[in-house]
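Side-chain atoms are counted along with the backbone in the values below, which use heavy atoms only and exclude waters and symmetry mates. Computed from a prediction, not measured in an experiment: that's the story for all the values here. Atoms within each ligand, like the ligands themselves, are counted from 1 in listed order.
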Amino acid sequence: MLKSSLSPSSNELVISILDLVLSEGKPLDRAYSQHFSGLKLEPKEQGRITFVVGDILRRLNLYCFLSDVKPEEMARLGTRLLNVWHLFNNLPLPKMQYALQIDPQELASRIEAAKAQPVLWDGCPDWLNEMGQAQMGDKWPAERAALNKPAKRFLRTNILKCTREELATALRKEGVETVTVPGVDTALEVVSDSALFRTETFKKGWFEQQDAGSQLVALALDAKPGMRVVDACAGAGGKTLSISAQMQGKGRLLAMDVEQWKLDNLKQRARRAGAHNVETRIIASSKTIKRLKLTCDRVLLDVPCSGLGVLKRNPDAKWRDTPERLPVLVELQKQILQSYSRMVKVGGMLVYATCSIMPEENRDQVDAFLAENKHFRFIEDETISPADTGFDGFYLAKLERIAEA
Ligand SMILES: C[S@@+](CC[C@H](N)C(=O)[O-])C[C@H]1O[C@@H](n2cnc3c(N)ncnc32)[C@H](O)[C@@H]1O
């Protein structure tokens, strides 16, 4: 939460970032790097800017309604929206060179009107509300509300290098305050407003920033030292590094993806983390999957998904995505599950995971797989609910191979 208004230059940056995302369709992380690289902003000021941009994007339709500004009008009318944002959040109006004024009475009556529309109040686009309601029924309104809250900052202790207590103590000495997260043994929540990546503790590889829900997904794999493990949709390795730590760096851990740049990023992170048993392999054909047929103790399929569980962190997706994308993803998930499950050996475990809370990508997908693959047995599944946990939303299902085919 902000305790004072943004400075004039920070206001300009907020408007310019929003314009890039909303008018040009730039992903938020790229809009940030385009604006921040080269600027010598204090980490605290950068944090304030990202807080405001994130909050506006999480409830964009609400702020647009309150200020009577359309998303594509940000460059021209964004100052009015920012004024409304400050007033709505009980902050003095910021100083801006060409600020468009607002009528306090009209704003008050718009706030009352918005309160009567829960979908708008929660910052949810109509297509998403219809999808959530159809798929999750009574559980949806609480999730919808939870997804418009700011994402908390969680760290994963790299147990290859330190304990959680040692990490907390080292961070405190560098001015970073944390608290432990009940139910997630490796997790700390950052409760101070501090920059993390300039700390010596980070440079030494003692932690990674990783949502507590994501940590639970990796822990569900229950990987042991000496095992042969595949993380088949590894991306930049958020979960791979956690799995390597579970294995105490012993055994074979193969991280695969279809994007080489993500695997390159993973290699760098693995080096810092001291995760020496990680190998990376690009998936260019089905050759690697075939070669590993029936050989792996554990396979993690953290499949490409809608990302509808992690909207707190990626709020721009709400305004870029369309419901038409879901069936395409569901088909890809089905193919990955069917093809990559071949790597699991008899007695070995497959964990299917998404960062979505929609049953169509989750339990429905698993049920369809099990109906066609009798040589797998269902162990258990879990939907990590943003509303219940305050974490990002994830799904995981554990399946055991009980026969070759
Ligand atoms: C949800 S992300 C993975 C996130 C990662 N596991 C983590 O914890 O940081 C899904 C990944 O699947 C990759 N992907 C997409 N299609 C794929 C395919 N056919 N086979 C393997 N990976 C694929 C994407 O490049 C993306 O990195």
**Charged N-O contact under 4.0 Å between Lys398 and Glu380** = yes

**Asked** Is the shortest side-chain N to carboxylate O distance from Arg172 to Glu177 below 4.0 Å?
**Response** yes

**Item:** Qualifying residues under side-chain contact (heavy atoms from CB on, under 4.5 Å), relative to Asp68, sequence neighbours excluded
**Value:** Arg80, Arg110

**Item:** Neighbouring protein residues of ligand 1 - any heavy atom closer than 4.0 Å
**Value:** Ala232, Cys233, Ala234, Gly235, Gly238, Lys239, Asp257, Val258, Glu259, Lys262, Ile283, Asp302, Val303, Pro304, Ile336, Tyr340

**Prompt:** Any ion pair linking Arg313 and Asp211 (charged N to carboxylate O, less than 4.0 Å)?
**Reply:** yes

**Item:** Glu200: partners by salt bridge (charged side-chain N to carboxylate O under 4.0 Å, His left out), with sequence neighbours left out
**Value:** Lys203

**Message:** Under the salt bridge (Lys or Arg N to Asp or Glu O under 4.0 Å) definition, can you give me all pairs with a residue in residues 116-132, not counting sequence neighbours?
**Reply:** Asp122-Arg144

